[in-house]
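This report refers to the structure that appears directly beneath it.
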Amino acid sequence: MTDPVLLVVAHGSRDPRHAATVHALVERVRAQRPGLRVETGFLDFNVPTVSSVLGALAAEGVREVVAQPLLLTRAFHAKADIPAVLREAPPGLRVRRAEVLGPSPLLTAVLERRLYEAGLRPGDKSTTGVVLASAGSTDPEAIAVIAEIAREWRHTGWCAVRPAFASASLPRTEDAVRALRAEGVHRIAVAPYVLAPGFLPDRIARGAAEAGADLVAGVLGDSPEVARLLLRRYDAALAARLAPRTPASVVRLGA
């Protein structure tokens, strides 16, 4: 039996780096699981749209799709936008929604690797404060998740880890950097908790530079760990088919 199509649902952006990163990540997913059909749809700004991909799949005779939100937290897009567009899928096409990607130790591993790629060394952890800079949200659940990631990451040996946000929430990246500096932290690194380049990651970088952060890591991007996590969420959504009273959309995962 053919596995359901994996549909990666990305937000989209006017910044061409966003779509390029999404497509590179999808190619990495395909490489990690040859034979699995993986498609990409965007909510806004880019093509193809989610609706057009669902329509094309249904026209081909595809009967089952797993939609994977390319999101790190369960905020507005995960709770409202994506369910709404998936409900408009053509009749006869069963769409199962997988969980968002975060939180996960795999994502924390990428954050740490990006910091080392930016110039830190493992021996610097105990003297380095990290600003975990997220895109931001008005959703209390999403804000709480970022704060919890920062708390847990702090226990792995960093001098300090503070959450910050590029929009909608406080503190801003620059405020978190300044607060750490005022507390006497000698070295401060900013770790963007975002998947792809764009307007908000650029704002994070500007805030870090303005406040005098010592270094800024790259975005999570098309890393092998993110691709692996995406496939784990896909597999979990398939496993949920065996428990019909537990839809994939409400399964909580931290793997």
Side-chain angles (χ1 to χ4, degrees), residues 1-12 18 21-43 50 53-54 57 62-87 89 93-111 113 134-135 137 139 141-142 144-146 148-149 152 193-196 219-255:
M1 184 173 64
T2 303
D3 288 331
V5 172
L6 170 56
L7 172 59
V8 176
V9 180
H11 181 274
H18 174 90
T21 301
V22 171
H23 291 310
L25 176 61
V26 168
E27 286 303 318
R28 195 176 287 276
V29 171
R30 291 179 178 133
Q32 287 191 12
R33 189 166 298 182
L36 175 63
R37 182 172 179 180
V38 187
E39 300 291 343
T40 309
F42 294 91
L43 292 175
V50 176
V53 175
L54 291 173
L57 291 172
V62 172
R63 289 294 171 258
E64 188 170 6
V65 171
V66 172
Q68 171 63 62
L70 202 58
L71 300 170
L72 298 175
T73 59
R74 277 180 46 78
F76 181 78
H77 295 304
K79 294 177 178 179
D81 286 352
I82 291 177
V85 73
L86 295 182
R87 281 195 295 269
L93 181 63
R94 183 182 184 189
V95 180
R96 183 174 291 276
R97 178 161 50 96
E99 257 296 359
V100 297
L101 296 176
S104 168
L106 284 171
L107 295 175
T108 308
V110 182
L111 287 169
R113 181 160 58 79
S134 170
S137 173
D139 189 298
E141 179 185 350
V145 165
I146 301 301
E148 181 60 24
I149 293 170
E152 292 185 0
Y193 189 61
V194 291
L195 283 165
V219 298
L220 299 171
D222 61 326
S223 65
E225 296 92 338
V226 175
R228 194 179 318 140
L229 179 58
L230 203 152
L231 288 168
R232 285 189 185 181
R233 296 294 188 249
Y234 170 83
D235 291 338
L238 293 189
R241 291 188 301 179
L242 303 177
R245 294 188 180 183
T246 307
S249 59
V250 298
V251 173
R252 304 279 178 166
L253 294 173

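In this text the structure is predicted, and so the values were computed from the model without any measurement.
Contact between Arg97 and Ala78 at its shortest, heavy atoms only, is NH1-O, 3.7 Å. Nearest heavy atom pair, residue Val66 against residue Pro4, reads CG2-CB, 4.2 Å. When all heavy atoms of Val110 and Ser223 are compared, the closest pair comes out as CG2-OG, 3.5 Å. The two residues Leu54 and Ala89 make their nearest non-hydrogen contact at CD1-CB, 4.0 Å. A pairwise comparison of heavy atoms in Leu93 and Glu64 identifies CD1-N, 3.9 Å as the closest pair. Among all heavy-atom pairs drawn from Ala98 and Ala237, the shortest one is CB-CB, 4.0 Å.
Here the CZ atom belonging to Arg28 is positioned 5.0 Å from the CG atom belonging to Asp222, to the nearest 0.5 angstrom. Here CG of Leu230 is found 12.0 Å from CZ of Arg232. Values are rounded to the nearest 0.5 Å. Taken to the nearest 0.5 Å, the CG atom of Leu25 stands 9.0 Å off from the OG1 atom of Thr21. Note that NE2 of His77 is 12.0 Å distant from CG of Leu72, once rounded to the nearest 0.5 Å.
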Q: Please step through ring-ring contact (aromatic ring centres under 6.0 Å, His included) for the pair Phe42 and His23, ending with a clear verdict.
A: CA-CA 11 Å; Phe42 294 91; His23 291 310; 5.7 Å; yes

Q. Are Leu231 and Leu36 close enough, and set up right, to give a side-chain contact (heavy atoms from CB on, under 4.5 Å), and what steps lead you there?
A. CA-CA 10 Å; Leu231 288 168; Leu36 175 63; 3.8 Å; yes

Q.
Determine whether Arg94 and Arg63 satisfy the following criterion, side-chain contact (heavy atoms from CB on, under 4.5 Å), listing intermediate values before the conclusion.
A. CA-CA 6 Å; Arg94 183 182 184 189; Arg63 289 294 171 258; over 6 Å; no

**Q.** Test log, rule side-chain contact (heavy atoms from CB on, under 4.5 Å), inputs Val65 and Leu57
**A.** CA-CA 9 Å; Val65 171; Leu57 291 172; 3.8 Å; yes

(Q) Go through it in stages, so that I can follow the logic: the residues are Leu86 and Ile82, the test is side-chain contact (heavy atoms from CB on, under 4.5 Å), and I'd like the CA-CA distance, side-chain angles, deciding distance and then a yes or no. (A) CA-CA 6 Å; Leu86 295 182; Ile82 291 177; 3.7 Å; yes

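When side chains are defined from C-beta on, Arg233 counts as touching Ser104, because their heavy atoms get closer than 4.5 Å. Using a 4.5 Å heavy-atom threshold, the side chains of Val29 and Leu6 count as touching. Residues Asp235 and Arg33 form a side-chain contact, since some pair of their non-hydrogen atoms from C-beta on lies under 4.5 Å apart.
Aromatic ring centres of Phe76 and His11 lie farther apart than the 6.0 Å criterion allows.
Salt-bridge annotation for Arg74 and Glu141: present, with a side-chain N of the basic residue lying under 4.0 Å from a carboxylate O of the acidic one. Ion pairing between Arg30 and Glu27 holds under the 4.0 Å rule for side-chain N and carboxylate O.
The backbone N or O of Ile149 sits nowhere less than 3.5 Å from a side-chain atom of Tyr193 that would complete a donor-acceptor pair. With Arg96 contributing its side chain and Leu238 its backbone, the two residues share no donor-acceptor pair below 3.5 Å. Under a 3.5 Å cut-off, the side chain of His18 and the backbone N or O of Ala196 do not form any donor-acceptor pair. A donor-acceptor pair under 3.5 Å links the side-chain atoms of Gln68 to the main chain of Glu99, judged by distance alone.
For Arg37, the salt bridge (charged side-chain N to carboxylate O under 4.0 Å, His left out) criterion is met by Glu39, Glu60, not counting sequence neighbours.
Checked options Val22, Leu43, Leu70; the residue passing with Val9 is Leu43 (criterion: side chain to side chain contact (heavy atoms under 4.5 Å, CB included)). Of the options Leu220, Leu229, Thr73, Leu106, a side chain to side chain contact (heavy atoms under 4.5 Å, CB included) to Leu101 is made by Leu229 and by none of the others.
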